[in-house]
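Working notes, beginning with the structure itself.
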Amino acid sequence: MYSFNDVFNEIEHMVGDVSQNAQNFNQSIEPITHISQTILTNTQGVHTLANDSLQDAQKSNRSTETQLGSIEKIAAASESLADLSEQLQKIIVHFKL
């Protein structure tokens with residue numbers, strides 16, 4: 001049979017072991033916490049770069065669309081000018097002797 005002091009000493013010893021294990025666990029988790037924070041920081045940096053790239057791509061797309069619209073207007077004006085040139089040539093033929 002165990003005496004009260006024996007049981008108390010055993011409990012005290014176990015509590016000491018649990019406390020030491022908790023301290024060891026906390027020390028072991030510190031590098032993991034640091035690595036997690038580094039990953040989070042880097043992920044936020046990548047997110048920022050991705051957003052910046054998206055905005056640049058959208059600007060480039062808008063510029064390309066604007067250029068395409070300008071090219072289409074130039075092509076339409078060129079066709080109109082060619083039509084006017086043909087009409088002018090037909091009119092000039094009537095004045096030739």
Side-chain angles (χ1 to χ4, degrees):
M1 181 132 204
Y2 295 104
S3 71
F4 177 76
N5 285 338
D6 290 340
V7 172
F8 181 78
N9 288 338
E10 184 65 25
I11 291 172
E12 187 177 38
H13 178 70
M14 287 180 182
V15 168
D17 287 347
V18 168
S19 176
Q20 183 62 44
N21 287 338
Q23 288 175 358
N24 291 342
F25 178 76
N26 284 339
Q27 289 174 352
S28 297
I29 205 166
E30 284 178 15
I32 294 170
T33 301
H34 177 70
I35 290 169
S36 296
Q37 289 172 341
T38 302
I39 290 171
L40 176 61
T41 300
N42 290 338
T43 301
Q44 289 169 336
V46 169
H47 181 265
T48 300
L49 289 173
N51 279 340
D52 292 347
S53 295
L54 175 61
Q55 290 175 1
D56 289 345
Q58 289 172 337
K59 287 177 186 176
S60 176
N61 186 42
R62 285 191 296 272
S63 296
T64 301
E65 288 175 356
T66 300
Q67 288 176 347
L68 179 60
S70 297
I71 290 170
E72 287 173 349
K73 288 178 183 178
I74 291 170
S78 295
E79 286 179 25
S80 177
L81 186 58
D83 290 342
L84 289 172
S85 176
E86 284 180 31
Q87 291 174 10
L88 182 59
Q89 285 178 355
K90 288 177 183 177
I91 293 171
I92 291 174
V93 167
H94 294 286
F95 290 107
K96 286 188 179 180
L97 300 173

Residues two or more places apart in sequence or in another chain: which of them pass side chain to side chain contact (heavy atoms under 4.5 Å, CB included) with [X]?
X   : value
E12 : F8, N9
N51 : H47
L54 : Q58
Q27 : N24

Compare all side-chain heavy atoms of Q87 with those of L84 and state whether any distance is below 4.5 angstrom.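 SC-SC contact between Q87 and L84 confirmed.
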Can you pull the side-chain hydrogen bond (donor to acceptor under 3.5 Å, both in side chains) pairs that have at least one residue in residues 63-85, sequence neighbours excluded?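 side-chain hydrogen bond (donor to acceptor under 3.5 Å, both in side chains) check on residues 63-85 returns N61-E65.
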For residues 30-42, tabulate all N or O donor-acceptor pairs below 3.5 Å that involve a side-chain atom, not counting sequence neighbours.
unit_1, atom_1, unit_2, atom_2, d
T33, OG1, I29, O, 3.1
S36, OG, I32, O, 2.9
T38, OG1, H34, O, 3.0
T41, OG1, Q37, O, 3.0
N42, ND2, T38, O, 3.4

For T48 and Q44, indicate whether the former's side chain and the latter's backbone hold a donor-acceptor pair under 3.5 Å.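 Yes; judged by distance alone, with no hydrogens or angles, the pair exists.
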